[in-house]
Amino acid sequence: QVQLVESGGGLVQAGGSLRLSCAFSGRTFGTLVLAWFRQSPGKERDFVALMRGLGGSTYYAESVKGRSALSRDSTKNTLYLQMNNLEPEDTARYYCAAGPIQSFSDSSYTYWGQGTQVTVTS
């Protein structure tokens with residue numbers, strides 16, 4: 001069983017930055033793929049970024065590429081998503097997910113956190 005706890009969301013003005021955290025437990029990172037998804041009211045849950053535990057390869061959605069960066073702290077079992085130059089369109093609830101395979105589809109992920117809200121004002 002994998003547990004995921006997100007934090008770091010908040011209210012920020014357009015152009016600002018936030019760093020989201022995903023603390024995980026229950027499995028070693030090397031056996032997992034960790035991903036971030038986001039969902040706005042009335043919309044589908046969209047892929048944001050992922051990191052493969054084995055090797056550390058990262059992938060980003062086009063909508064955040066160049067503005068976001070994933071990193072991890074193995075000593076804290078935590079994955080970070082640094083988001084810069086935020087736009088009102090980034091407003092959503094952000095979820096951390098874990099699964100066995102690399103995928104851009106939320107259906108491929110078995111474990112989910114409760115999410116953290118990001119609100120960007122213009």
Side-chain angles (χ1 to χ4, degrees):
Q1 191 76 7
V2 175
Q3 291 80 42
L4 304 166
V5 179
E6 304 97 329
S7 61
L11 179 66
V12 63
Q13 288 188 329
S17 299
L18 283 174
R19 188 177 77 161
L20 306 184
S21 300
C22 173
F24 60 91
S25 60
R27 294 268 293 276
T28 57
F29 193 11
T31 64
L32 296 170
V33 175
L34 289 182
W36 287 95
F37 287 81
R38 66 186 182 186
Q39 188 171 27
S40 302
K43 296 186 178 181
E44 294 184 350
R45 190 156 50 186
D46 292 330
F47 167 76
V48 176
L50 68 82
M51 177 181 283
R52 296 183 61 173
L54 187 63
S57 300
T58 57
Y59 298 86
Y60 300 90
E62 286 298 323
S63 58
V64 302
K65 192 176 292 184
R67 302 188 292 123
S68 299
L70 287 168
S71 61
R72 66 180 179 183
D73 185 335
S74 298
T75 64
K76 297 181 179 179
N77 281 349
T78 300
L79 178 72
Y80 300 101
L81 176 65
Q82 177 70 41
M83 302 185 67
N84 303 317
N85 195 20
L86 284 161
E87 304 167 350
E89 292 74 22
D90 295 315
T91 295
R93 192 163 186 86
Y94 284 70
Y95 297 89
C96 184
I101 62 171
Q102 175 184 312
S103 174
F104 303 148
S105 172
D106 61 355
S107 62
S108 298
Y109 293 85
T110 308
Y111 305 101
W112 292 84
Q114 82 288 353
T116 185
Q117 180 67 35
V118 171
T119 302
V120 184
T121 61
S122 58

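Just so you know, these numbers use all the heavy atoms, side chains as well, and skip hydrogens, waters and symmetry mates.
- Atom CG of residue D90 and atom OG1 of residue T119 lie 11.0 Å apart, to the nearest 0.5 angstrom.
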**Report entry** Q39 and D106: CA distance, side-chain angles, deciding distance, side-chain contact (heavy atoms from CB on, under 4.5 Å) verdict
**Finding:** CA-CA 11 Å; Q39 188 171 27; D106 61 355; over 6 Å; no
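- Between the CG atom in L34 and the OG1 atom in T58 there is a gap of 13.0 Å [rounded to 0.5 Å].
- Looking only at distances, no side-chain donor or acceptor of R52 sits under 3.5 Å from a matching main-chain atom of S57.
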Query - Candidate pair L81 and S68, rule side-chain contact (heavy atoms from CB on, under 4.5 Å), full reasoning - result: CA-CA 7 Å; L81 176 65; S68 299; 4.1 Å; yes
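- V12 and Y94 fall within the same hydrophobic cluster, defined by Ile, Leu, Val, Met, Phe, Trp and Tyr side-chain heavy atoms under 4.5 Å apart, directly or through other members.
- Considering every non-hydrogen atom in both T116 and G9, the closest pair reads OG1-N, 3.0 Å.
- Considering Y80, F29, Y111 as possible partners of F24, the one that fulfils the ring-ring contact (aromatic ring centres under 6.0 Å, His included) test is F29.
- Hydrophobic clustering of Ile, Leu, Val, Met, Phe, Trp and Tyr side chains at less than 4.5 Å, counting indirect connections, unites L79 with L32.
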**Report entry** Pair L18-V120, side-chain contact (heavy atoms from CB on, under 4.5 Å): steps then yes or no
**Finding:** CA-CA 10 Å; L18 283 174; V120 184; 6.0 Å; no
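- Proximity of V118 to R38: side-chain heavy atoms (C-beta onward) are nowhere separated by under 4.5 Å.
- Remark: side-chain polar atoms of S122 are not paired, donor with acceptor, to backbone N or O of A14 under 3.5 angstrom.
- Between F47 and F104, the ring planes are tilted. Angles from 30° to 60° get that label.
- Of the N and O atoms on the side chains of S105 and S103, not one donor lies less than 3.5 Å from an acceptor on the other residue.
- Taking CG of L70 as the reference point, atom OH of Y59 lies at 12.0 Å (rounded to 0.5 Å).
- Side-chain N or O atoms of E6 include one that pairs as donor or acceptor with a backbone N or O of G115 at under 3.5 Å.
- F37 and Y109 have perpendicular rings, their planes meeting at more than 60° on a 0 to 90° scale where under 30° would count as parallel.
- With R72 contributing its side chain and G56 its backbone, the two residues share no donor-acceptor pair below 3.5 Å.
- Side-chain atoms of M83 and W36, non-hydrogen and from C-beta on, never get closer than 4.5 Å to each other.
- Residue Q13 places its CD atom among 12 or fewer non-hydrogen atoms of other residues, nucleotides or ligands, all under 6.0 Å distant.
- S17 places a side-chain heavy atom less than 4.5 Å from the side chain of N84.
- More than 12 heavy atoms of other residues, nucleotides or ligands shown are found within 6.0 angstrom of CG on L11.
- Contact check for M51 versus C22: no side-chain heavy atoms found under the 4.5 Å cut-off.
- Considering SG of C96 and CD of Q114, their distance stands at 9.5 Å, rounded to 0.5 Å.
- Considering all non-hydrogen atoms of both residues, S40 and T91 come closest at OG-O, 3.0 Å.
- With values rounded to the nearest 0.5 angstrom, N77 atom CG is found 12.5 Å from R27 atom CZ.
- T78 contributes atom OG1, which lies 12.5 Å from atom CG of L20 (distance to the nearest 0.5 angstrom).
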